[in-house]
Protein chains: 2
Amino acid sequence: MPQGPDFNVLTATCPSRTSLARIANKWTAMVVIALSGGRMRFRDLRTTVDGISAKVLTETLRDLERDGLVARHVYAEMPPRVEYELTPLGRTLHTPLQALGRWAEEHITEVLAARETYDGRR
Amino acid sequence: MPQGPDFNVLTATCPSRTSLARIANKWTAMVVIALSGGRMRFRDLRTTVDGISAKVLTETLRDLERDGLVARHVYAEMPPRVEYELTPLGRTLHTPLQALGRWAEEHITEVLAARETYDGRR
DNA sequence: CAGTATCCTATCGGATACTG
DNA sequence: CAGTATCCGATAGGATACTG
């Protein structure tokens, strides 16, 4: 079964690393998780991804759109309405990122305990 | 089946978000992927995670150690030898992070094409 | 509403020099 | 070897004000 050129994120010059840098990011993870339920408006994304600023949300969405992970739908209404949704490619990213989010939620107790220990013994 | 307090990374003040910020990070992903093969010395990590600086590698390892994901083993030799390995907790993180790395490698062609399109039509 | 523009601070991260 | 210390430029990201 033929594969294309073998990419490796551990190689500094490999283009796949630029993609890893985008997806291995907390804001990206949260936005993709938020969008997994379906199309969302900008405003709803802002409230769902609690604490994200308009600037960061805009930048994150633009980068995801550029990489083909998110599609942007503009409605010529007044007031304006813009919806975002995961593309088919973006949907393939949902499982790994969701897994990361769930890991954080499920293991936070252990992590907090570890931090306590680490900070305490010193 | 009882669960503890329900943590949610989408909530700004939830402690699990601090953990997500750590693990949803390109350097963290690369270091964990590199360590999945077993114990490694600092120097070998530096060459395996191509392009990482001593400073960033040190900081990443310290943070992972603090969160209980990496164990540090110091040998009182000359020259000194220090080895790092994933803890049991850290090993549970390998699958999701490896998945992210593989995603980047497997989809980089599509991502690059999307960027071309995005940058071109403008 | 869905942004953009601007300003400013904090953190990231590289380069270099030095130590046990 | 495995760091630490320091300096410094680049980027992330918040706050505020403004626009179509």
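First the proteins, then the strands, lettered A, B, ... as listed; each starts at 1.
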- Task: Give the rounded distance in Å between these two atoms: CG of A/Asn25 and C1' of D/dT11.
- Result: 12 Å
- Message: Within the 4.0 Å heavy-atom criterion, would you say B/Tyr84 contacts the bases, only the backbone, or no part of the nucleic acid?
- Response: sugar-phosphate
- Whole angstrom is fine here: how far is it from CZ in B/Arg46 over to C1' in C/dG14? 10 Å
- Query: In whole angstroms, how far is the C1' atom of C/dT4 from the CZ atom of A/Arg72?
  - Reply: 12 Å
- Closer to the 5' end of DNA chain D via nearest nucleotide, is it A/Met78 or A/Ile52? A/Ile52
- So which one's nearest nucleotide on DNA chain D is more toward 5', A/Pro80 or A/Gly51? A/Gly51
- Item | Flag if over 12 foreign heavy atoms under 6.0 Å of CD, A/Glu116 | no
- Task: Side chain of B/Arg41 only, please: which of C/dA2, D/dC1, C/dG3 is the nearest?
- Result: D/dC1
- So, are A/Arg41 and A/Glu83 salt-bridged, with charged N and O less than 4.0 Å apart? no
- Message: Rounded to whole Å, how long is the line connecting atom CG of A/Asp50 with atom C1' of D/dG13?
- Response: 16 Å
- Item | Pairing partner (Watson-Crick or G-U wobble, both distances under 3.5 angstrom) of D/dT19 | C/dA2
- Note on the structure: B/Lys26 has its side chain closest, among D/dC1, C/dC1, C/dG13, to C/dG13
- NE2 of B/His73 versus C1' of D/dC1: gap in Å, rounded? 18 Å
- Item | side-chain N/O A/Trp27 vs D/dA12 OP1/OP2, d < 4.0 Å | no
- Message: Categorize A/Arg62 for me: base, sugar-phosphate, or nothing, with a 4.0 angstrom heavy-atom threshold over every strand shown.
- Response: sugar-phosphate
- Query: From D/dG3, D/dC7, D/dG13, pick the nucleotide closest to the side chain of B/Lys55?
  - Reply: D/dC7
- Between atom CZ in A/Arg43 and atom P in C/dG3, what is the gap in whole Å? 12 Å
- Query: Rounded to the Å, how far apart are B/Leu57 CG and C/dC12 C1'?
  - Reply: 15 Å
- Over how many whole Å does the gap from B/Glu83 atom CD to D/dC1 atom C1' extend? 12 Å
- Query: If you measure from NZ on B/Lys26 to CD1 on A/Ile23, what distance do you get to the nearest 0.5 Å?
  - Reply: 12.5 Å
- Would B/Asp67 and A/Arg115 pass as an ion pair if we require N to O under 4.0 Å? yes
- Distance-only, no hydrogens or angles: does the B/Thr87 side chain make a donor-acceptor pair with backbone N or O of B/Gly90 under 3.5 Å? yes
- Note on the structure: Out of D/dT4, C/dA2, D/dA2, minimum distance to the side chain of B/Thr58 belongs to D/dT4
- Item | Opposite nucleotide pairing with C/dC8, Watson-Crick or G-U, both atom distances under 3.5 Å | D/dG13
